[in-house]
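Small disclaimer: the values here were computed from a predicted structure and weren't measured. Whatever order the structure lists ligands and atoms in, that order sets their numbers, starting from 1.
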Amino acid sequence: MAKVISLINQKGGVGKTASTNAISACLKHKGFKVLCVDFDPQGYLSFSMGADTREHSTIYDVLKHNIKARYAIQKSNVVDIIPADALLGNVEREFTGPGTEHMLRDCLKTVAPLYDYILIDSPPELGLLSANAVIASDIVLIPGLSDGYSLQGIIQVHETILRIKQAFNPTLVIGGIFLVRYYPREALSKTTKETAQLLAAHLNIPLLDTTIRHSNIISKAMTTLQKDIVDYAPKNNAVLDYVALVDELFERGIF
Ligand SMILES: Nc1ncnc2c1ncn2[C@@H]1O[C@H](COP(=O)(O)OP(=O)(O)OP(=O)(O)O)[C@@H](O)[C@H]1O
Ligand SMILES: [Mg+2]
């Protein structure tokens, strides 16, 4: 039965999608069967993996019960994926009322036995889509930028996750915060890490030791490359960091 992991932060541009892509690739290279679910109407994860959303069904079709989840799975250049496109943005308007928070969890039940890990990329909001992602998950991870400002939003994400955990998903594990776009030689990155340490201690959640260094390979992977970055650039600093991050998550017993 797959462990379901979602990356959550209402702030945009903090590395949710890049990390979903990279962590999936790392897990695949460890020999695990991995499925990604793009749960962001921006569809960047789908694009980054070279998935097709014109001819193929998306997670929106699955939520609408037009197709079963397993038939919406595509083999991409990185791992299997159920892609998303802008139609997913209709969900908030089309689905209202009780039970709408569980839609994704219900849809993924039949595919969970086929995989070791399912990773969900979520949009920069704390609305119905992110709530669905958290409720469908066993573990949430909170990426943050190494710039100080992005830490401010973490208290709010954490509060939201806790509220959803208490109401709908008591066994949810908050795997921790990790910092991306880290510049090891810059004072701002170091200060941010120290502040993040205090914040994590205050919230009683882990700050993962591994930070993801800034590297242009990551932006390339998200735009033009559409390839498995562990295959493409195994020695790249950010790729090595993602490998180390996944190792740390195993060592801590979170994965
Ligand atoms: N380690 C890194 N080094 C360099 N660039 C990075 C790194 N991680 C992410 N980026 C770049 O930062 C930008 C934001 O990353 P990403 O799209 O993963 O954030 P996000 O949280 O998913 O944003 P959104 O909330 O809009 O979906 C992207 O252009 C991505 O390529
Ligand atoms: Mg994203």
Side-chain angles (χ1 to χ4, degrees), residues 5-26 36-51 53 58-59 76 78 81-86 88-89 91-92 119-134 140-147 149-154 156-157 160-161 177-186 188-189 192-193 196 208 210-230 232-246 248:
I5 301 151
S6 56
L7 284 91
I8 303 283
N9 195 326
Q10 82 281 11
K11 249 181 113 59
V14 298
K16 295 181 289 294
T17 306
S19 302
T20 307
N21 178 314
I23 294 171
S24 305
C26 292
C36 272
V37 178
D38 191 348
F39 214 52
D40 181 352
Q42 297 178 107
Y44 291 153
L45 182 69
S46 309
F47 184 79
S48 75
M49 295 192 171
T53 53
T58 64
I59 191 67
S76 84
V78 183
I81 182 168
I82 303 182
D85 63 9
L88 185 63
V91 160
E92 199 99 27
L119 274 86
I120 305 170
D121 183 29
S122 61
E125 47 95 314
L126 291 174
L128 185 59
L129 290 172
S130 293
N132 265 273
V134 174
V140 291
L141 297 174
I142 307 171
L145 283 188
S146 310
D147 71 354
Y149 288 118
S150 95
L151 294 182
Q152 292 171 0
I154 288 182
Q156 197 193 346
V157 195
T160 307
I161 293 170
I177 304 167
F178 65 96
L179 297 179
V180 308
R181 298 183 85 160
Y182 193 80
Y183 294 87
R185 281 185 292 275
E186 283 192 12
L188 181 60
S189 280
T192 305
K193 192 167 184 190
L208 300 173
T210 312
T211 49
I212 311 298
R213 280 167 284 183
H214 181 94
S215 166
N216 291 337
I217 284 281
I218 301 294
S219 13
K220 198 170 159 193
M222 301 312 294
T223 50
T224 51
L225 195 64
Q226 299 186 316
K227 281 195 184 122
D228 178 324
I229 51 168
V230 183
Y232 180 77
K235 303 245 164 69
N236 171 267
N237 284 343
V239 173
L240 290 171
D241 292 340
Y242 275 114
V243 171
L245 182 80
V246 169
E248 182 183 351

Take L151 and T192 through the test side-chain contact (heavy atoms from CB on, under 4.5 Å) and record every step on the way to the result. CA-CA 8 Å; L151 294 182; T192 305; 3.8 Å; yes
Rounded to the nearest 0.5 Å, the OG1 atom of T17 sits from the CG atom of L45 at a distance of 6.0 Å
Identify, by atom number and element, the atoms of ligand 1 in contact range of A18, meaning under 4.0 Å from any of its heavy atoms. 9 (C), 18 (O)
Does some side-chain heavy atom of L179 sit less than 4.5 Å from a side-chain heavy atom of L145? no
Is there a side-chain contact between I154 and I142 (heavy atoms, below 4.5 Å)? yes
Within the supplied structure, the quantity of interest is the number of heavy atoms (other residues, nucleotides, ligands) at a distance under 6.0 Å from Y44 OH; does it exceed 12? no
Right, does atom 29 (O) of ligand 1 have protein non-hydrogen atoms nearer than 4.0 Å? no
For D40, the ligand 1 atoms whose distance to one of its heavy atoms is below 4.0 Å: 27 (O)
S215 to ligand 1: N or O pair under 3.5 Å? yes
Is the shortest N/O to N/O distance between Y242 and ligand 1 below 3.5 Å? no
Give the residue, atom name and distance (to 0.1 Å) of the protein heavy atom nearest atom 19 (O) of ligand 1. G15 N, 3.0 Å
E125 and S130: side chain donor to acceptor below 3.5 Å: yes
Strictly by modelled atom types, are S19 and Y242 linked by a side-chain donor-acceptor pair under 3.5 Å? yes
So with a 6.0 Å cut-off around NZ of K193, is the heavy-atom count from everything else above 12? yes
Shortest protein heavy-atom distance from atom 11 (C) of ligand 1, along with the residue and atom involved: R181 NH1, 3.7 Å
protein heavy-atom neighbour closest to atom 8 (N) of ligand 1 works out as I218 CG2, 3.5 Å
Has ligand 1 got any nitrogen or oxygen that is less than 3.5 angstrom from a nitrogen or oxygen of K16? yes
Under 3.5 Å side-chain donor-acceptor pair for T210 and D241: no
Are any of the N/O atoms in Q42 less than 3.5 Å from those in ligand 1? yes
Side-chain donor-acceptor contact under 3.5 Å, Y232 with K220: yes
Does the side-chain contact (heavy atoms from CB on, under 4.5 Å) test come out yes or no for L245 and L208, once each step is laid out? CA-CA 8 Å; L245 182 80; L208 300 173; 3.8 Å; yes
With side-chain hydrogen bond (donor to acceptor under 3.5 Å, both in side chains) as the test, would you mind laying out the steps for S46 and D38 before giving the verdict? CA-CA 6 Å; S46 309; D38 191 348; 2.6 Å; yes
Can you confirm, on distance only, whether ligand 1 has an N/O atom lying under 3.5 Å from any N/O atom belonging to M222? no
Just distances here: any N/O of R213 and N/O of ligand 1 closer than 3.5 Å? yes
Any nitrogen or oxygen of A238 lying under 3.5 Å from a nitrogen or oxygen in ligand 1? Just yes or no. no
Which protein non-hydrogen atom lies closest to atom 31 (O) of ligand 1, naming both residue and atom, and how far is it? S219 CA, 3.1 Å
Using distance alone, determine whether T17 and ligand 1 share an N or O pair under 3.5 Å. yes
Strictly under 2.8 Å, is the Mg ion (ligand 2) approached by any N, O or S atom of T17? yes
N/O of I212 under 3.5 Å from N/O of ligand 1, yes or no? no
Counting only nitrogen or oxygen atoms and a 3.5 angstrom limit, does G13 reach ligand 1? yes
Atom indices of ligand 1 within 4.0 angstrom of V14 heavy atoms, with elements: 19 (O), 20 (P), 21 (O)
